[in-house]
Amino acid sequence: TDTDTARISSEALHQLYYDPNIENKNLAQKWLMQAQVSPQAWQFCWVLLRPEKVPEIQYFGASALHTKISRYWGDIPTEQYDTLKTQLFSQIARFASGSKIVLTRLCVALASLALNMMPEVWPGAVSEMVHMFQEEGGEVDGRARCLALLELLTVLPEEFQTSRLPQYRKGQVRGALGREWAAVYPLLQQLLRQPDSPPLVKARVLKCLSSWVLLDVPLNESEGLVEASFTALSDPELFDTAVEAIVNTISQPDSQRYVNTLLKLVPQVLQLQEQLRDAIQNGDMETSHGICRIAVSLGENHSSTLLEQVEHWQSFLALVNMIMFCTGIPGHYPVNETTSSLTLTFWYTLQDDIMSFEAEKQAVYLQVYRPVYFQLVDVLLHKAQFPTDEEYASWSSDEKEQFRIYRVDISDTLMYVYEMLGAELLSNLYDKLGRLLTSTEQTTTWQHTEALLYGFQSIAETIDVNYSDVIPGLIGLIPRININNVQLADTVMFTIGALAEWLADHPVMLSSVLPLVLQALGNPDLSVSSVSTLKKICRECKYDLPPYATNIVAVSQEVLIKQIHKTSQCMWLMQALGFLLSALPVEEILRNLHSLITPYIQQLEKLSEETPNPSNKLAIIHILGLLSNLFTTLDITKQEEESGENAPPIKSAPPQTGPNPVVVVLQQVFALIQTVLSKWLNDSQVVEAVCAIFEKSVKTLLHDFAPMVSQLSEMLGQMYSTIPQASALDLTRQMVHIFASETNHFPPIKALFELVTSVTLTIFQQGPRDHPDIVDSFMQLQAQVCFWFLISFTLGFSLLFRVLSLKFPEAPTVKSTCFFFTELIPHCADIPPVGQVVQEDGKLLLLAVLEAIGGQSSRSLMDQFAEVLFCLNKHCFALLTVWLKEALRSPGFPSSRVSDDQKDTFSQQVLRERVNKRRVKDIVKEFTLVCRGLHGTEYAADY
């Protein structure tokens with residue numbers, strides 16, 4: 001009975017809220033969710049709303065009502081609409097003086113009812129709501145009735161925003177609600193302007209306005225309320241809700257049509273400046289933040305419209321200056337203020353609007369606004385300044401991180417502003433920095449110098465400054481900076497790094513800055529900035545660095561041996577050295593490599609003799625990583641390619657050039673690497689680090705790696721045969737990709753490919769579930785090789801084990817397997833063995849694909865399965881027609897939720913599409929929803 005269900009619901013709710021046993025809580029939650037959507041919910045929810053029930057139980061009853069109305073509207077007979085409406089009105093009236101959370105849920109339920117009945121069945125819904133609650137009588141006092149009505153009117157537009165009404169109904173209901181604004185506006189206006197309205201009522205009115213403007217209520221139709229909202233800003237109790245109401249109103253996209261109303265708002269915003277200054281003086285961050293939000297909202301959303309009103313240019317300029325004041329608000333972000341960051345987007349918007357004007361009009365506006373933007377640069381650089389050392393030391397790590405992000409935002413803004421101000425901005429910054437560094441009259445703080453350099457760095461990082469005539473002067477000023485602080489030193493480094501391309505065109509200036517960078521390398525506090533700057537210089541200026549190479553290598557070696565830097569910076573440093581050595585003659589490269597690598601080789605030899613443990617494992621991986629990163633960038637082929645058009649590319653270089661230096665080193669250490677592997681073969685991280693050395697070398701050297709192919713193929717085969725690892729397959733893929741078509745290297749590559757294929761198929765036979773990474777890499781390997789090469793092996797080529805990979809729960813493995821099949825199937829016709837295996841095992845493949853679509857695999861993978869299906873349809877149409885018919889004939893396959901008619905429709909739709917892959921993906925998505933019982937539900941809405 002309804003009473004029994006209500007009693008059980010009460011007990012379940014008690015368990016959910018108060019039972020300490022988590023299993024009981026989960027069971028209770030599951031039962032309550034089922035009860036909420038059950039047919040009995042219509043009856044027992046009223047029992048749960050009875051006065052003697054506690055608020056938690058009443059709340060569940062109200063929520064159950066809302067769930068039924070919003071999601072199962074079709075279950076309600078038409079003749080019960082009015083009864084349900086009356087009951088809800090009655091309950092809302094009763095709870096107007098009761099629990100607030102229950103009242104809100106009941107209001108949401110009535111709002112959902114109204115949205116489902118509007119406009120035909122309940123045409124004047126909002127007017128009737130207002131009328132019902134304005135009537136005298138009953139036990140509920142007028143204030144409680146008024147608050148209940150405001151709650152109902154507030155949740156109505158909110159419920160519309162989240163409702164799942166069909167699209168055509170949404171348009172109808174939005175129009176009906178828009179017409180109902182005429183009934184809401186006078187009520188809100190009266191309550192807001194009434195002197196005796198309590199603050200709570202006024203706050204609810206403002207909240208209600210915020211809610212209704214989301215429906216794009218015309219700005220001119222809410223003008224009076226917006227004006228009253230500005231008045232409410234002087235009341236501390238109403239300030240926050242008034243700010244939200246004003247910001248929401250003027251942020252609506254439609255409001256830009258109402259130019260006259262917008263023009264009236266500008267002076268109202270400007271009148272807040274005195275209140276803003278008082279708030280800042282009194283340290284009232286909430287008030288200053290709210291007023292800035294209003295000013296920025298008006299400027300950001302309507303700058304284009306207000307710029308066009310030429311006769312009002314002065315008032316808009318005053319608004320711009322008010323926003324400038326907000327940008328430069330006193331104090332350090334984020335400790336003393338959190339407002340200035342709000343304004344940055346406005347400056348982008350205003351600049352875009354000005355720069356979008358045609359040339360003549362733009363020139364007029366630039367006369368007014370270029371000085372404003374120069375002022376903005378000064379303000380931003382002031383805001384970017386670090387606080388005093390003592391103050392900064394007192395900040396939390398979170399505050400320091402927020403400040404770092406804030407400075408990045410300022411940097412992005414400066415870069416954007418450069419588009420408007422151009423070269424004059426760099427000259428401006430240079431003049432200021434010059435005056436600062438050469439002035440004898442005033443003592444300058446490092447913060448001021450750092451901020452100006454930061455401005456240069458922000459622009460030079462992304463803008464081509466090669467034409468600028470101030471950069472030589474800047475490079476000349478840098479050595480004059482008294483670097484007595486880590487933050488300043490960091491910015492000096494990053495500025496030099498940002499100018500690396502310029503230095504490549506002006507190598508004579510390298511001698512001014514390189515000593516600073518090399519000196520900074522020895523400071524662990526400057527690790528990131530100094531190493532990244534050296535890497536940029538070595539990459540961009542490598543052909544001008546040979547005179548400095550000995551010194552750079554020596555300093556780098558010293559800091560590496562002293563272990564000054566963390567692992568990632570050590571890797572960057574090795575990459576920098578790789579770039580540097582690439583430009584040297586081969587003999588010098590080998591000599592430098594010898595001195596650079598020998599200490600690590602000796603250390604690795606010692607480690608290889610030790611018993612494996614976690615400590616020496618990290619040391620081994622570190623050394624292997626250093627070698628990998630060095631070989632990633634050490635590329636002498638680019639030297640020859642870049643040295644001139646007449647220089648032959650390395651791929652056809654004469655034999656007398658000798659082996660590549662990287663190959664020489666690899667051959668020297670090969671035996672040592674094998675020794676390391678023999679002890680660490682069962683450790684995937686060490687194996688991965690070993691493979692990375694060769695993989696990065698192969699990618700960099702390409703065909704120059706040829707002398708290593710035979711011995712590396714042999715080693716990879718031994719590795720993989722002993723303990724199969726995904727990294728070995730990935731390296732094999734690189735080798736196959738580059739050398740498989742070369743006759744000289746075909747035998748070892750073929751032997752390696754045969755071996756890893758044979759070993760992997762053994763894994764498949766024994767059960768591949770524990771090795772998804774290996775299956776993933778194996779499928780990628782097979783998909784990438786040429787299929788004439790694949791089928792040239794006598795391996796008993798079968799799809800059976802590969803089909804099993806489609807059933808893995810790991811998405812990357814399934815994606816690689818699907819990719820393999822989409823590469824294989826198109827060769828059905830031109831390669832007979834492929835056609836034969838597809839004919840023999842193709843039905844197994846189709847069954848696996850259908851199982852996945854039927855619900856066995858994640859919905860996120862349906863596009864990949866659809867591509868396999870499309871390939872089968874395009875290249876094996878006759879076979880697919882038979883297979884589909886046979887497969888879908890099985891009862892309950894691929895899902896018990898689909899009927900025979902639905903399966904027939906799916907089959908016909910798929911077979912019809914042999915050209916449009918996108919359409920097949922849509923068909924599969926639709927069918928998988930049906931198979932999973934999700935078609936037409938809210939879960940499918942965003943799919």
Side-chain angles (χ1 to χ4, degrees), residues 233-234 236 239-240 242-244 246-247 269-270 272-300 319-348 372-414 417 432 436 442-455 457-458 484-488 490-491:
L233 290 170
S234 58
F239 182 83
D240 289 342
V243 168
E244 289 301 325
I246 294 166
V247 169
V269 174
L270 294 175
L272 299 174
Q273 287 180 96
E274 188 179 344
Q275 189 179 354
L276 173 61
R277 287 193 173 88
D278 289 345
I280 291 168
Q281 197 169 347
N282 299 327
D284 182 354
M285 284 171 67
E286 287 77 12
T287 300
S288 58
H289 194 81
I291 292 173
C292 287
R293 276 186 67 200
I294 292 170
V296 169
S297 183
L298 182 59
E300 198 175 300
L319 177 66
V320 171
N321 285 324
M322 182 179 176
I323 295 172
M324 179 80 76
F325 178 78
C326 295
T327 304
I329 199 164
H332 287 288
Y333 182 96
V335 176
N336 314 113
E337 63 90 8
T338 54
T339 298
S340 55
S341 61
L342 297 175
T343 65
L344 298 180
T345 312
F346 164 74
W347 299 109
Y348 285 79
V372 173
Y373 272 84
F374 274 113
Q375 184 191 347
L376 173 66
V377 171
D378 291 343
V379 168
L380 289 176
L381 291 178
H382 180 73
K383 291 297 293 182
Q385 284 186 26
F386 279 88
T388 62
D389 294 338
E390 299 76 25
E391 192 181 341
Y392 190 65
S394 72
W395 286 12
S396 69
S397 57
D398 186 48
E399 286 166 342
K400 288 176 179 175
E401 176 60 11
Q402 284 185 57
F403 182 60
R404 185 193 67 78
I405 294 167
Y406 175 66
R407 278 171 51 100
V408 171
D409 292 340
I410 286 177
S411 173
D412 292 343
T413 310
L414 289 170
V417 166
K432 285 179 178 162
L436 204 63
Q442 57 177 29
T443 54
T444 59
T445 63
W446 69 262
Q447 287 92 339
H448 200 171
T449 306
E450 190 277 337
L452 285 167
L453 271 180
Y454 187 67
Q457 175 205 325
S458 302
N484 55 3
N485 177 278
V486 170
Q487 283 88 14
L488 176 58
D490 255 338
T491 303

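For clarity, every value in this text was computed on a predicted model and none was experimentally measured.
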dist Met324:CE -> Leu376:CG (nearest 0.5 Å) comes out at 5.0 Å
To the nearest 0.5 Å, atom NE2 of His448 lies from atom CG of Leu452 at 4.5 Å
Open item on the list: I'd like to know if the side chain of Tyr373 and the backbone of Trp347 have a donor-acceptor N/O pair within less than 3.5 Å.
Closed with: yes
Quick check: do Tyr392 and Val335 have side-chain heavy atoms less than 4.5 Å from each other? no
Interatomic distance, CZ@Phe325 vs OG1@Thr343, rounded to 0.5 Å, equals 12.0 Å
- request: Check whether any side-chain N or O of Thr413 sits under 3.5 Å from a backbone N or O of Asp409 as a donor-acceptor pair, and report yes or no.
  value: yes
Those residues at least two apart in sequence (or on a different chain) that pass side chain to side chain donor-acceptor pair (under 3.5 Å) with Ser297 are Ser251, Asn301
Phe403 and Gln385 have their tightest heavy-atom pair at CZ-O, 3.5 Å
Across all chains, not counting sequence neighbours, the salt bridge (charged side-chain N to carboxylate O under 4.0 Å, His left out) partners of Glu399 are none
Handout entry: Close side-chain approach of Ile280 to Pro330, heavy-atom, < 4.5 Å
Key = yes
For Ser341, the side chain to side chain donor-acceptor pair (under 3.5 Å) test, sequence neighbours excluded, returns none
Handout entry: Student check: side-chain heavy atoms of Thr287 and Asn282 closer than 4.5 Å
Key = no
Closest non-hydrogen atoms of Trp395 and Pro387, given as atom of the first, atom of the second and distance, are CZ2-CG, 3.6 Å
Of all heavy-atom pairs linking Thr345 and Glu300, the shortest is CB-OE1, 3.7 Å
Checklist entry - Would you say the side-chain atoms of Asn485 pair up with the backbone N or O of Gln487, donor to acceptor, closer than 3.5 Å? => result yes
Between Trp446 and Asn484 the two heavy atoms that sit nearest each other are CB-OD1, 4.1 Å
For Asp378, the salt bridge (charged side-chain N to carboxylate O under 4.0 Å, His left out) test, sequence neighbours excluded, returns Lys432
Correct closest heavy-atom pair for Leu276 and Ile291 would be N-CD1, 3.7 Å
Value for CG (Leu233) from CD1 (Ile246), rounded to nearest 0.5 Å, stands at 4.0 Å
When rounded to the nearest 0.5 Å, the distance separating OG of Ser458 from CZ of Arg407 is 8.0 Å
Those residues at least two apart in sequence (or on a different chain) that pass side chain to side chain donor-acceptor pair (under 3.5 Å) with Glu337 are Ser340, Lys383
Given the rule in the side-chain contact (heavy atoms from CB on, under 4.5 Å) test, do Thr449 and Thr491 qualify, once you have shown the distances and angles that lead to the verdict? CA-CA 10 Å; Thr449 306; Thr491 303; over 6 Å; no
Hits for salt bridge (charged side-chain N to carboxylate O under 4.0 Å, His left out) against Glu244, two or more places apart or cross-chain, chain-then-number order -> Arg293
* **Side-chain ion pair, Glu401 and Arg404, N-O less than 4.0 Å** => yes
key: Side chains of Leu381 and Leu414 in contact at under 4.5 Å (non-hydrogen atoms)   = yes
Is there side-chain contact between Leu298 and Met322, with at least one heavy-atom pair below 4.5 Å? no
Between the CG atom in Leu272 and the OG atom in Ser288, the distance rounded to the nearest 0.5 Å is 12.5 Å
query: Do Tyr454 and Leu488 come within less than 4.5 Å of each other through their side chains, counting heavy atoms only?
result: no
Closest non-hydrogen contact found for Thr338 with His289 is O-CE1, 3.4 Å
